[in-house]
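Working notes, structure below.
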Amino acid sequence: MDYNFNSIEKKWQQQWKESQAYKVSNDSEKPKYYVLDMFPYPSGAGLHVGHPLGYIASDIYARYKRLKGFNVLHPMGYDAFGLPAEQYAIEHGVHPAVSTDKNIATFRQQLDNIGFCYDWSREVRTSDAQYYKWTQWIFLQLFKSWFNRKTQKAESIDELVKVFEAEGNRHHPFPNEKYQVANFGLHVFNAADWKSFDEATRQHILMEYRLAFCGYGEVNWCEALGTVLANDEVINGVSERGGHPVVKKKLRQWYLRITEYADRLLQGLQTVDFSEAMKDMQTNWIGKSSGAEIEFQIANHKANVVVYTTRPDTIMGVDFMVIAPEHELVRQITTEAQQKEVDDYIDYVNSRSERERMAEKRITGAFTGAYAVNPFDETKHIPIWISEYVLAGYGTGAIMAVPCGDERDYRFAKQFNIPITNIIGEHFNGEDANATKDALLSNSGFLNGVPMREAMETVINEIEKRGIGKRKVNYRMRDAAFSRQRYWGEPFPVKWINGVAYALDESELPLTLPEVDSYSPGPEGEGPLANIPEWTSQNLETNTMPGYAGSSWYFLRYMDPQNDQEFAGRKATDYWNQVDLYIGGTEHAVGHLLYSRLWTKALYDLGYIGFDEPFKRLVNQGMIQGSSRFVYRMQAIATKENTGENVEFQLMLSSDYATKLTDELNEADSDFKHHAAINKLVHEKLQDKEYIINFSPIVRLHVDVNIVDGFELDIEKFKQWRNSEYANAEFILEDGKYICGAEVEKMSKTKYNTVNPDELVNKYGADTFRMYEMFLGPVEMSKPWDTKGIEGVHRFLKKLWRLFYKETNTGNRSGR
RNA sequence: GCCCUGGUGGUGGAAUUGGUAGACACGCAGGACUUAAAAUCCUGUGGGCAGCAAUGUCCGUGCGGGUUCAAGUCCCGCCCGGGGCACCA
């Protein structure tokens, strides 16, 4: 009996379908188990062999749990909004909904091929109005809520209004400490103040508390493309596409107040089963630190500069200060003599992305000409510099630099010849900064001889006593930007009236995405929706939500996907509860995971669900890398001496030959054996000695891995590849074979190293394919793909099949 | 630059807590079966040196140090690949 995988797999897949074998009910006596794959974006390129790795692992586990008597929820759906479909629409005029549907159909067909046990009756798509109705609804709940620091949870904004009416905001200060009520200059207001404020003022105040709120933020604005760009679309201050200048631009943006949840997000990590690496990444992203804010007076100036430091004990070692180039003080304090230098430096910084600024190894900066005064020693005047390594958005946008104790400060001081004060005695060797906390302080006035750990408290107490600073907990995490100037995303259910944002009534949901004629951006960096008169005439918000909106809560919708009264019924969410096993890549380590944890916590606080962590256990599958293959091309141009007539040859050199030839040409005393051989070959081809031949340098080109067997190129297929571009090439072989070069890289279409699972399933069957993917090694590990090994797994399954039939047909258990 | 992660034969990988490095598989080589091929089965396979051979011997887990009776595993310092760094999702 042959192992006929085609008919076996077809038969069973058909049977599963007809019997709805994997349809799962919300009513069951069995214990529940929820196995989830990370939400895929249905890209136009389709699945490659890297994608299903996690899906196969979760599928096996879901089947295992089902056999163990669990009621297993194992759904799949699509994160269907996103930039690639919009970009495709701009370039080809195809509506994103159309291209997305097409991509999903391909995706589905590819998934079905592999024989997964998904309950497809629960499929969701974020771009369906019946889905994003509830994304909009949750947004409205966030908009209508605030974070009560006293109770450490989200509460209705109506409750806050009652508090304001009774006592003002003295027990609930503005989350943004710098905020002052417009026209009143108040940080704190009382009940009478609140009653005296007009509607707009009240709404502006409430906006400062809402969990989903509107503010202003800087974006990468490209005038020539008329659009806002992501950081990685900006390279050296110009757009990746087209190389146009990019500048920072302030735009009105929506945000989620995730910073209020920083502590809860940290604490929650202790209750979930994620890898330590994953917890580290999230902890570092949140970036909680404790220290102090300290005011420094500026010499001969009214203004003062506030720095945030985690090391207040080192205050007597401050040799200079650095403030962010975009800090508002820069304009006020820069001296005339330094103005030009500062302006030039700011121009330079404006051309750089935040990423470039942080990654820069070179030390750059400019002196403002101003000096700050050390509050503990007024004879110490400290030069104030600006530099790109200080970011306006972190801390106070200003740091006190202690070069003997901080490596970056030390290099800065060396670069600009700023004298260094040693406050840690023999712990400082003069050549490297030492960030120790164990030294006894010296050169530190009233702190001399005090251990550093003790001095931290002493200094904080002293500055608080003198009213020039305070103890401060700081977070690196910023509020999450929640709007995009794009078309293909969820519209905000918000209307603008007299500059105030009002929520649409929930009965008006879904607010559906209107048809547009053009997907290009609106005026002044607004999204495409700003081009639609019917939209703008209703004063509707023209931004749309970002990709992570729909994916922040999709795991809840799977529990009750057809519910048109609620995002998911409480009975369903109570039954399914947390995702028991979540499988996906580490690329989502901070973004998606933090946002969905935030949404879960907010929905929990507001009483809509009964758990405040979405994912009980997380497993990160490794990435399957591509194994690229290369051919080596050398062009030969033969010119006839008397006529100037040109003949061009493409010579494809086998890997070994290319290496030897390259070495040979680089060596001065070489015999040029290989070069001479090639020269001879070209002359033989020409059958004429009247030619002068010039060779181009050897170029390495990616070649499609699907026409390479191991390392050996299939020359006939190569000649037909890319519209027969290389049909007339000459091949220089080794032992009669063309051997390709190889390298491990990211799997990507442009590198011609993608392998389509469909072909492998057709050739070997889904079981072989699945087994091989699992056989590649631990699921958490990254590894390069190599199709060669699949033969062995296939032979194993064939052997198993054969042995099974031999045993059952010849043994005593006759013919079973 | 910062955070996370990985580096072991020709290849993917194995080696439980510091205790025989290279399981298993691919590939390759040789053999059996066959008119022949495919399929299947058997044997060998980290590298160097010595030996007709059995075998012996030295080297060997990215690099350089260290701890230990013993290091792929622990410590220190590097190098290289991958992921993320807030508008790719």
Side-chain angles (χ1 to χ4, degrees), chain A residues 2 38-43 78-87 126 217-221 227-234 251 253 255-256 258 275-287 353-363 388-389 393 407-408 411 476-486 489 527 543-548 550-551 584-595 620 622-625 627 709-711 742-746 771-773 775-778 780-796 798-799 802:
Chain A
D2 279 349
M38 280 190 188
F39 218 19
Y41 176 78
S43 91
Y78 306 98
D79 192 9
F81 278 130
L83 204 51
E86 182 156 341
Q87 196 56 42
T126 54
E218 281 194 338
V219 295
N220 299 309
W221 169 248
T227 189
V228 175
L229 299 175
N231 272 336
D232 51 49
E233 293 176 300
V234 184
L251 277 186
Q253 301 274 30
Y255 293 89
L256 299 185
I258 192 171
S275 69
E276 284 308 309
M278 178 63 48
K279 291 182 184 181
D280 283 352
M281 278 189 267
Q282 294 202 7
T283 303
N284 293 337
W285 177 270
I286 293 166
S353 72
E354 201 169 289
R355 182 99 44 91
E356 287 170 327
R357 285 173 61 171
M358 288 187 294
E360 182 59 68
K361 276 186 193 172
R362 275 184 315 135
I363 296 157
E388 61 179 334
Y389 77 84
E407 194 52 43
R408 203 163 37 174
R411 291 203 308 268
R476 201 179 70 90
M477 181 168 67
R478 311 197 284 256
D479 281 328
F482 193 67
S483 51
R484 304 289 183 261
Q485 291 69 47
R486 309 283 185 195
N543 283 319
T544 54
M545 297 186 201
Y548 65 83
S551 62
T586 50
E587 66 270 28
H588 299 291
V590 283
H592 161 64
L593 284 168
L594 277 178
Y595 298 135
N620 293 111
M623 181 182 264
I624 292 198
Q625 293 139 333
S627 186
D709 180 21
F711 297 95
E743 196 171 290
V744 172
E745 297 179 290
K746 196 170 174 166
M771 195 163 172
Y772 182 56
E773 288 239 351
F775 194 75
L776 287 173
E780 298 93 339
M781 246 24 124
S782 288
K783 50 236 157 184
W785 179 263
D786 181 5
T787 301
K788 278 232 130 175
I790 201 168
E791 294 273 358
V793 170
H794 190 58
R795 274 201 286 272
F796 174 84
K798 279 204 281 194
K799 189 195 276 185
R802 209 170 47 237

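Each chain gets a letter, A, B and so on, in the order its sequence line appears, and its residues count up from 1. A quick note: this is a predicted structure, and the numbers were derived from the prediction, not measured.
Across B/rC75 and B/rC85, the matching P atoms stand 29 Å from one another, rounded to whole Å. Of the C1' atoms belonging to B/rA14 and B/rC78, the separation is 28 Å, rounded to the nearest Å. A gap of 12 Å separates the P atoms of B/rC24 and B/rU43, to the nearest Å. Across the C1' atoms, B/rG44 and B/rC26 are found 16 Å apart, a figure rounded to whole Å. If you take atom P in B/rG47 and the same atom in B/rG10, they sit 7 Å apart, rounded to whole Å. For B/rG6 and B/rG13, the P atoms lie 13 Å apart once the distance is rounded to whole Å. As rounded to the nearest Å, B/rA21 and B/rC2 have P atoms that lie 38 Å from one another. Between B/rG84 and B/rA89, the distance separating the two P atoms is 13 Å to the nearest Å.
Under the 3.5 Å distance criterion, the side-chain polar atoms of A/Q282 are matched with a main-chain donor or acceptor of A/A589. Although no hydrogens or angles enter the test, the distance criterion places a donor-acceptor pair under 3.5 Å between the side chain of A/N620 and the main chain of A/G584. When atom types are taken as modelled, the side chain of A/S275 and the backbone of A/M278 share a donor-acceptor pair closer than 3.5 angstrom.
Residue A/E780 is out of contact with every strand shown, counting any heavy-atom pair closer than 4.0 Å. Using a 4.0 Å heavy-atom cutoff across all strands shown, A/V219 reaches at least one base atom of the nucleic acid. Residue contacts for A/R476: at a heavy-atom cut-off of 4.0 Å it reaches a base atom on one of the strands shown. Among the atoms of the strands shown, base atoms are found under 4.0 Å from some heavy atom of A/M477. Residue A/I790 is classed as having no contact, given no heavy-atom separation below 4.0 Å to the nucleic acid. Residue A/S551 is classed as having no contact, given no heavy-atom separation below 4.0 Å to the nucleic acid. Across all strands, A/V590 comes closer than 4.0 Å only to sugar-phosphate atoms, never to a base (heavy-atom distances). Using a 4.0 Å heavy-atom cutoff across all strands shown, A/H588 reaches at least one base atom of the nucleic acid. Residue-level contact check: A/Q253 touches the bases, meaning some heavy atom is under 4.0 Å from a base atom. Using a 4.0 Å heavy-atom distance criterion, A/P778 is classed as a sugar-phosphate-only contact.
From A/I258, atom CD1 reaches atom CE of A/M477 across 4.5 Å, with rounding to the nearest 0.5 Å.
Using a 4.5 Å cut-off on side-chain heavy atoms (C-beta onward), A/E791 and A/Y772 make no contact. Annotation: side chain of A/R484 is not in contact with side chain of A/L83 (no heavy-atom distance under 4.5 Å).
Per the geometry, CZ belonging to A/F796 stands 12 Å off P belonging to B/rC41, to the nearest Å. When rounded to the nearest whole Å, the span between CD of A/Q282 and C1' of B/rA86 equals 14 Å. Spacing between atom CG of A/L593 and atom P of B/rA86 amounts to 17 Å, rounded to whole angstrom units. In this structure, CZ of A/R478 is placed 12 Å from P of B/rC85, rounded to the nearest angstrom. When the P atom of B/rG13 is taken as reference, atom CH2 of A/W785 falls 12 Å away, rounded to whole Å.
B/rG22 adopts an anti glycosidic conformation, its chi angle falling more than 90° from 0.
Side-chain N/O atoms of A/R484 include one lying less than 4.0 angstrom from OP1 or OP2 on B/rC87.
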> After noting the C-alpha distance and the side-chain angles of A/T126 and A/F39, does the key distance pass the side chain to side chain contact (heavy atoms under 4.5 Å, CB included) rule?
Replying inline: CA-CA 10 Å; A/T126 54; A/F39 218 19; 3.3 Å; yes

> Does the side chain to side chain contact (heavy atoms under 4.5 Å, CB included) test come out yes or no for A/I624 and A/L776, once each step is laid out?
Replying inline: CA-CA 10 Å; A/I624 292 198; A/L776 287 173; 3.9 Å; yes

> When you look at A/I286 and A/R476, which way does the side chain to side chain contact (heavy atoms under 4.5 Å, CB included) test go after all the steps?
Replying inline: CA-CA 6 Å; A/I286 293 166; A/R476 201 179 70 90; over 6 Å; no

> What do the steps show when you test A/M545 against A/F81 for side chain to side chain contact (heavy atoms under 4.5 Å, CB included), and what is the final call?
Replying inline: CA-CA 10 Å; A/M545 297 186 201; A/F81 278 130; over 6 Å; no

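Taking a pair as Watson-Crick or G-U wobble with both distances under 3.5 Å, the runs of three or more consecutive pairs in RNA chain B are B:1-7 with B:79-85, B:10-12 with B:24-26, B:27-32 with B:40-45, B:46-50 with B:55-59, B:62-66 with B:74-78.
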Between the protein and nucleotides 27-29 of chain B, list every N/O to N/O distance that falls short of 3.5 Å.
{"unit_1": "B/rG27", "atom_1": "OP2", "unit_2": "A/R795", "atom_2": "NH2", "d": "3.1"}

Nucleotide N/O of nucleotides 4-12 of chain B paired with protein N/O under 3.5 Å:
{"unit_1": "B/rG12", "atom_1": "O2'", "unit_2": "A/L776", "atom_2": "O", "d": "3.0"}

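Two residues, A/M623 and A/G82, neighbour RNA chain B, and the one matched to the more 5' nucleotide by heavy-atom proximity is A/M623.
Scored by the ring pair (Phe, Tyr, Trp, His ring centres under 6.0 Å) test, A/Y255 finds A/F213 as partners (sequence neighbours excluded). Shown here are the side chain to side chain donor-acceptor pair (under 3.5 Å) partners of A/D79, two or more places apart in sequence or in another chain: there are none. Not counting sequence neighbours, the partners of A/Y595 by the ring pair (Phe, Tyr, Trp, His ring centres under 6.0 Å) test are A/Y548.
Within a 6.0 Å sphere centred on OH of A/Y389, other residues, nucleotides and ligands contribute more than 12 heavy atoms.
If you check B/rU40, B/rG83, B/rA89 against the side chain of A/L83, the one that comes closest is B/rA89.
The base of B/rC87 sits within donor-acceptor range of the side chain of A/Q485, with an N or O pair under 3.5 Å.
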